[in-house]
Amino acid sequence: MSLALIVALPFLGAFLPGLMIRSGRNACAVSAGAITSLALVMLGLHAPAVLRGEVIQTRIDWLPQLGLNANFFLDGLGLLFAGLILGIGLLIILYARFYLDRRDPMGQFYTYLLLFQGAMVGIVLSDNILLLLVFWELTSLSSFLLIGYWKHLPEGRQGARMALTVTGMGGLAMIAGMLILGQIVGSYDLSVILQNKEAIQASDWYLPALILILLGAFTKSAQFPFHFWLPHAMAAPTPVSAYLHSATMVKAGLFLMARLWPVLAGTPEWFYIVATTGLVTMVVAAKIALFKDDLKALLAFSTVSHLGLITMLLGFGTQAAATVAVFHIINHATFKAALFMVAGIVDHSTHTRDLKLLGGLRRAMPITFAITTIAALSMAGIPPLNGFLSKELMLEEASHTVWAGIPWLLPVLATIGALFSVAYSFRFLGHTFLGQPRSQLDHPHDPSVGLWGAPAFLTLLVVLIGLFPMLSAAWLIDAAASAVTGEAVAVNIYHWHGFTAAFWMSVIAILGGFVLLMLHAPLNRLWLATPRPEAKRIFDGIVEPLAALARGLTQRLHDGALTRYFAIATVAIVAAGFAAFLGGAHSPGLRPETPVEIVPLIGWFLLIASAAAIVSFHRNRLLALVLVGVIGLIVSVGFAYLAAPDLALTQISVEVVTVILLLLALNFVPKTTPFESTRLRRGRDGVIATLAGLGSGALIYALMMRDSAFPSISGYHLANAKTEGGGTNVVNVILVDFRGYDTFGEIVVLGIAALVIFALTEAILRAGPANDRLLTWVQDQRDAGDRHPLMLVVATRMVLPVAIMVGVYIFLRGHNEPGGGFIAGLVVAIALVMQYMASGFAWTEARQRVDYHALIAAGVLIAGAAGVGAWFTGTAFLTSDFGYVTLPPLAPFELATAMIFDAGVFLTVLGAVMLALASISRIALRAGEKVNTAPYDTDLPDGEVR
Amino acid sequence: MNHWIIAPVILPALLAPLIVLGMRNDLVLQRVFGLAGTLALLLISGGLLYTASVNPPEVYFLGNWPAPFGIVLVLDRLAAIMLTLTAFLALMVQLYAIGTGWDGRGKHFHALFQFQLMGLCGAFLTGDAFNLFVFFEVLLIASYGLMIHGGGRDRLRAGVQYVAYNLLGSTLFLFGLATLYSVTGTLNMADLAVKVASLPEGDAALIRVAGVLLLLVFAIKGALVPLHFWLPATYANAPGPVAALFAVMTKVGAYATLRLYSLVFPPDTPATGALFGDLLLPAALVTLAVGALGVLGAVTLPRLVAFAAIASMGTLFIALSGFTAESTAATLYYLIHSTLATGALFLIADLVQARRGDSSLRHACPPIAQQGLIAALFFATAIALAGMPPLSGFLGKLLILDATRDNLTTVWPTILVTSLVIIIGFSRAGSQLFWKSHASPADPAPRAAEPLAFTAVFALLAALVALTLLAGPVTAYLQATAAELMDGAAYVAANRLPELP
């Protein structure tokens with residue numbers, strides 16, 4: 001359990017500093033430090049067992065179905081890295097407390113730092129490669145926050161994004177690699193994977209997996225050609241750079257290569273990819289570092305170079321080289337973290353990091369000078385410091401490794417790398433502290449112990465490991481290297497190896513480095529004169545056009561052109577439909593064709609003619625509306641002809657209502673449709689539409705010509721409508737009983753539609769451009785001479801009671817004869833609409849007391865209640881019942897619960913139509929329609945008032 | 001008969017008219033009753049989720065008519081999951097709308113909201129193909145009302161496109177249903193499953209047409225390229241909380257696809273075979289790419305989120321197109337994740353927009369009130385939606401990658417490369433919105449804290465965290481759900497169909 005706790009601690013504690021900042025900066029820093037210390041102590045408790053060679057494990061099931069489990073294990077390698085992460089983390093927390101400015105949000109800083117720390121510890125303790133991936137990407141994300149910490153600096157923001165992009169890309173490649181690796185082995189647990197070297201290296205998927213995983217490692221560890229993000233990440237505050245680029249983030253890639261070394265290393269592929277990349281990175285970055293004037297940039301490239309060195313050693317694939325790699329990881333962390341902190345100190349007291357402006361600080365800042373001297377000499381590899389020991393061993397390994405049959409290549413290049421390393425280390429030291437003091441620097445001085453304490457401690461380690469390697473470091477190296485190589489390692493480190501090749505290479509490097517530094521000025525001119533690829537420009541040159549392309553494409557595709565949207569959709573539908581049809585066997589239907597008779601032929605012709613007329617005249621909207629009405633009428637006649645009186649009645653009343661409402665609405669929109677597309681495009685759309693029409697026609701023909709493969713469910717409806725549903729009109733029984741639930745849904749749709757029309761009207765009538773347009777509305781057509789003619793008024797008044805009677809009649813007989821609530825509602829609605837048309841909205845409105853909202857709501861509620869009522873008899877929603885009642889002097893008649901439901905339908909339909917009408921009328925009033933107080937037009941002067 | 005099965009439909013269906021009838025002039029009453037209704041819906045759904053996990057699929061015979069002659073509702077694990085997810089998201093969205101005052105900016109918000117829930121719940125519960133159409137209509141008209149809530153030129157214009165495009169879908173739905181009914185003579189889904197499996201060979205072409213037409217309908221709802229064009233403008237112009245609720249609307253398309261094509265048209269159907277998976281996969285891959293490019297190229301924050309929603313639908317359909325138990329479990333996990341994450345991000349986008357007064361991503365604005373908190377919420381949700389660790393998006397993606405390893409060469413590169421593009425898009429947007437503003441010296445305009453609104457966002461994020469931490473048990477439930485879907489026998493048996501003559 002406690003391993004999981006070590007990982008969880010920084011995450012759990014991450015919000016503590018964010019809160020503690022409220023009681024001051026010290027409390028904030030102490031809280032962060034306490035959490036890290038606690039984790040470090042818990043790690044330390046496991047150290048003795050690990051050093052004895054035990055492996056400590058914790059297993060927690062997380063997503064066992066995938067093989068992703070929160071399994072952790074601690075061996076020598078994990079101990080080394082976790083120790084570095086937490087130990088240096090603690091020093092960074094101390095350093096940052098004194099480094100950050102009062103204006104910097106410190107709480108955030110420590111929160112991000114702890115998140116990052118937790119992610120790093122998670123990587124190095126994971127015993128599951130999927131879990132490792134989780135932490136891996138978390139380091140990318142948390143480092144994004146750390147690098148972009150100074151949000152006001154554009155370099156910070158860009159550097160953060162660049163780091164996230166590059167490491168994120170590597171991480172995604174690694175996901176693929178890890179999944180493949182897990183599938184080769186059949187488990188994602190590292191401890192299992194590490195036992196399966198043969199299976200992995202024999203698999204066809206070894207190379208893809210290797211490349212994908214290495215992409216992740218190389219991007220994280222800033223290996224060539226992905227090294228460019230690291231210097232840009234230097235825009236972060238110095239404590240961040242010191243942490244990320246000495247001991248943690250960039251070491252994650254190395255850790256991964258070391259972790260998977262037992263199963264991935266040892267093949268030619270591994271050697272050529274890893275060792276070569278490391279070698280190139282080491283040399284190239286060391287050369288660049290020499291010519292960087294910014295202290296942190298110099299250190300950044302030096303970091304890249306040293307990471308290359310370690311990568312190269314791991315790439316050699318031998319146990320000895322891997323051991324040296326482990327040793328150098330420790331050494332690099334100590335001297336590089338110290339040097340980063342020194343860069344921050346110098347920046348703090350001189351307000352510059354430019355080597356061209358710095359110089360002669362040794363008197364003003366003696367403590368800093370001492371620290372720098374030791375750390376820089378170690379970086380240069382000067383005996384007896386720890387950097388010397390591991391560099392010497394590296395040269396030793398390089399001297400007897402053959403690359404592609406060329407024995408001298410590796411030793412020579414390694415020496416050149418070391419030579420540059422010496423040169424830039426001396427430059428860092430010399431150009432900052434030696435030489436003449438610069439007068440333009442404003443009283444530089446050593447900082448408080450808070451700032452120099454941490455680097456001083458690290459340089460102490462540099463010296464200790466340098467002088468007594470066997471005592472101070474060998475045990476840790478043994479443990480870690482044993483874990484890396486999977487075999488017991490016992491190192492023997494000493495300073496003097498005799499006059500070996502490595503000795504001479506080292507001498508050449510140190511002397512050459514001196515010479516190079518002496519020649520720095522002319523070389524620098526040469527460097528500046530040669531064209532160099534600027535990483536940021538290349539990066540931006542890829543990302544920015546990509547973003548612009550994405551923007552252009554997205555905007556152009558989704559520009560709101562509805563015609564094109566429909567064209568694309570129609571083409572897709574037609575194509576998919578045809579493809580589906582052609583892919584299967586089709587036997588044509590067997591129904592006989594009905595003989596052609598004259599009446600339907602006329603109807604058919606009228607239908608086609610009016611449809612064609614709409615296509616021709618649709619720009620005249622009034623005409624189009626009339627034609628739509630014609631089509632509706634023909635369809636309803638068709639229904640009647642085909643013996644579907646219910647449908648015919650419904651269709652015709654729906655037609656009347658919709659045409660009236662549309663006519664009223666049309667009053668407030670232009671009467672013609674403008675030409676918006678070119679002739680060519682209309683031609684294209686015509687072709688598409690024709691294809692779609694032919695397709696649907698063919699489909700309907702095919703359907704009408706056949707019987708269903710199995711008896712259809714309508715047989716049951718026909719057989720049971722009377723006996724079970726209590727009605728002889730099967731259509732109505734289907735609507736209110738067999739499928740009453742559908743009807744319930746549809747009346748809700750109608751009700752919602754009316755509510756939406758009302759809400760939409762409200763929105764339009766609020767102050768705004770639409771309202772302004774209405775207020776200044778100019779009628780584009782003349783009014784009829786008499787708006788409310790007496791004859792019409794009288795006629796509608798007389799029709800009203802009759803219409804209501806008809807409505808009631810249609811409603812009541814619905815269950816057995818054509819009719820029902822839906823049609824009745826429409827009929828009554830039409831009668832009411834006619835009153836409005838005859839006498840005007842305001843006059844009529846003043847004479848009715850029912851609110852249409854309430855009508856709709858009551859309708860839905862009654863229909864729902866009719867359904868719920870069945871619950872009380874223990875049956876399902878909408879279960880109906882019916883019985884026969886005798887009320888003298890009437891003949892016995894039937895009462896069915898379905899009638900209650902139908903009443904709900906009736907009310908909803910009526911309310912919905914009327915609310916729509918009322919909404920349109922409100923728009924008309926806003927547009928200046930005259931309000932009449934009299935029921936019909938008179939010649940009296942006060943017959944009309946505004 | 002378990003009447004609780006129909007409660008998720010009836011409760012909002014009766015609450016909405018009650019609100020219209022008795023409370024339409026009082027916002028406080030509407031809020032109280034609306035919230036109570038949604039909370040009750042969540043509790044009922046939770047109960048059904050439990051019921052479905054211990055019982056086999058259960059059928060509710062409406063009007064006591066036997067299947068396939070009447071309409072049935074079917075409660076199974078999948079339906080229960082969708083109900084619970086919908087109710088939870090809806091409750092949070094409602095809290096947010098109340099907390100920000102969005103609900104008062106137009107008429108009938110709460111009534112329409114309940115009707116919308118009725119439509120969603122009805123669609124998830126129904127076991128009848130035509131009834132599914134009816135509830136699609138309820139959904140559509142209610143969502144149109146919500147979408148244009150508050151009015152404004154751009155919103156109304158986008159609303160017209162939304163409703164017009166979806167009416168195309170409705171028309172297509174009718175064509176599909178007509179074809180289905182003409183060939184099989186039935187509409188009950190279980191009955192369809194039985195009959196489609198034993199159709200004579202000569203009906204193959206027509207049943208394929210029916211299947212494809214319906215698939216296209218669901219593709220419109222699910223915003224699959226090239227039928228996604230309605231989505232960006234709709235989601236970007238809808239009120240923030242409505243867009244957040246719409247996160248579950250696209251899932252209706254995914255749900256219907258999963259339901260119909262695992263039950264009625266499973267890959268072993270002789271007439272259709274792997275047709276639907278083969279159509280879905282390429283469309284889903286392109287959808288993901290279009291969505292990712294849109295995230296990178298978005299010019300406003302709401303459009304960015306809208307394209308992220310499209311991308312997540314692409315990912316979802318990639319998994320869905322597999323129609324295996326493993327891929328279905330992955331689909332469902334990702335579906336839950338994507339709904340919550342998309343919803344949360346729309347709410348956050350609304351928080352930003354309300355404070356910034358500007359949604360453009362092309363220029364920086366001065367800092368906004370509660371910037372730190374909102375930035376943190378944006379960061380966390382963007383991570384989830386981009387599929388980065390540690391949140392559920394990453395787990396969902398891993399599950400999908402694992403389930404699609406047979407298509408390793410096409411699916412994996414698409415998912416991974418688009419992930420990178422989305423990450424870049426989000427990092428650019430976040431940096432523009434929350435970092436660049438620090439370069440401006442201006443102090444943010446003060447603004448009330450809106451605790452309800454933040455509670456809603458936090459709750460959605462908390463749900464994502466829970467989904468992550470409880471991935472094991474959740475996946476176990478989903479695997480059982482997938483197994484139930486892959487083997488339709490229990491579903492069919494629950495319908496108690498008459499013997500075929």
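Below, chains carry the letters A, B, ... as their sequence lines are ordered, and counting in each starts from 1. Reckoned from all heavy atoms, side chains included, excluding hydrogens, waters and symmetry mates. Model, not experiment: these values are computed from the prediction.
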For side-chain contact (heavy atoms from CB on, under 4.5 Å), just list the numbers for A/Val756 and B/His108, CA-CA rounded to whole Å, side-chain angles, deciding distance to a tenth of an Å, and then say yes or no.
CA-CA 8 Å; A/Val756 171; B/His108 291 317; over 6 Å; no
Could you pull out the closest heavy-atom pair between B/Leu227 and A/Ala572, with the gap in Å?
CD2-CB, 4.5 Å
Taking atom NZ of B/Lys107 as the centre, report whether more than 12 heavy atoms of other residues, nucleotides or ligands fall under 6.0 Å from it.
no
Would you confirm whether B/Gln161, through its side chain, and A/Gly560, through its main-chain N or O, come within 3.5 Å as a donor-acceptor pair?
yes
Grab the two heavy atoms, one from B/Pro226 and one from A/Ile568, that are nearest each other, plus how far apart they are.
CB-CG2, 3.7 Å
Backbone of A/Ala580 reached by a side-chain donor or acceptor of B/Arg208 within 3.5 Å
yes
Under 3.5 Å, is there a donor on one side chain and an acceptor on the other for B/Trp65 and A/Asp737?
yes
Answer yes or no: is there a side-chain heavy-atom contact under 4.5 Å between B/Tyr181 and A/Ser708?
no
Nearest heavy-atom neighbours spanning B/Asn131 and A/Arg739:
N-NH2, 3.8 Å
Which of A/Trp150, A/Tyr149, A/Phe144 passes ring pair (Phe, Tyr, Trp, His ring centres under 6.0 Å) with B/Trp435? It is A/Phe144
Quick one, A/His558 and B/Val290 - any side-chain contact, counting heavy atoms below 4.5 Å?
yes
Side chain from CB out, backbone as N, CA, C, O: work out which of these in B/Phe130 comes under 4.5 Å of a heavy atom of chain A, or both, or neither.
both
The interface call for B/Leu408 against chain A, heavy-atom contacts under 4.5 Å, is side chain
Given side-chain contact (heavy atoms from CB on, under 4.5 Å), test A/Ile175 with B/Phe394 step by step and report yes or no.
CA-CA 10 Å; A/Ile175 292 178; B/Phe394 180 70; 3.5 Å; yes
Determine the option with the most heavy-atom pairs under 4.5 angstrom with chain B, choosing from A/Pro64, A/Ala160, A/Ala576.
A/Ala576
Looking only at non-hydrogen atoms, find the nearest pair between A/Ala550 and B/Leu293 and report the distance.
CB-O, 3.4 Å
Kindly give the heavy-atom pair with the smallest separation between B/Ala164 and A/Leu562, and that separation in Å.
CB-CD2, 4.2 Å
Answer whether the closest heavy-atom distance between the side chains of B/Arg428 and A/Arg157 falls below 4.5 Å.
no
Please report the C-alpha distance between B/Val20 and A/Ile856 in whole Å, then the side-chain angles of each, then the deciding distance to 0.1 Å, and finally whether the side-chain contact (heavy atoms from CB on, under 4.5 Å) criterion is met.
CA-CA 9 Å; B/Val20 174; A/Ile856 297 172; 5.8 Å; no
For the ring pair A/Phe877 and B/Phe61, is the centre-to-centre distance below 6.0 Å?
no
Between A/Arg766 and B/Gly150, is there a donor-acceptor pair closer than 3.5 Å when you use the side chain of the first and the backbone of the second?
yes
Would you say that more than 12 heavy atoms from the other residues, nucleotides or ligands in this model lie under 6.0 Å from the CH2 of A/Trp205, or not?
no
Polar contact flag, side-chain donor to acceptor under 3.5 angstrom, A/Arg706-B/Ser182
no
Tell me, side chain or backbone of B/Leu168 under 4.5 Å from chain A's heavy atoms, or both, or neither?
side chain
For B/Phe69, is there any backbone N or O sitting under 3.5 Å from a side-chain donor or acceptor partner on A/His717?
yes
With side chains defined as the heavy atoms from C-beta onward, is the minimum distance between B/Arg405 and A/Leu179 less than 4.5 Å?
no
Taking the ring of B/Phe229 and the ring of A/Phe566, is the distance between their centroids below 6.0 Å?
no
Please confirm whether the backbone N or O of B/Gly472 pairs with a side-chain atom of A/Gln65, one donor and one acceptor, at under 3.5 Å?
yes
If every non-hydrogen atom of A/Ala858 is compared with every non-hydrogen atom of B/Leu21, which pair is closest and at what distance?
N-CD1, 4.4 Å
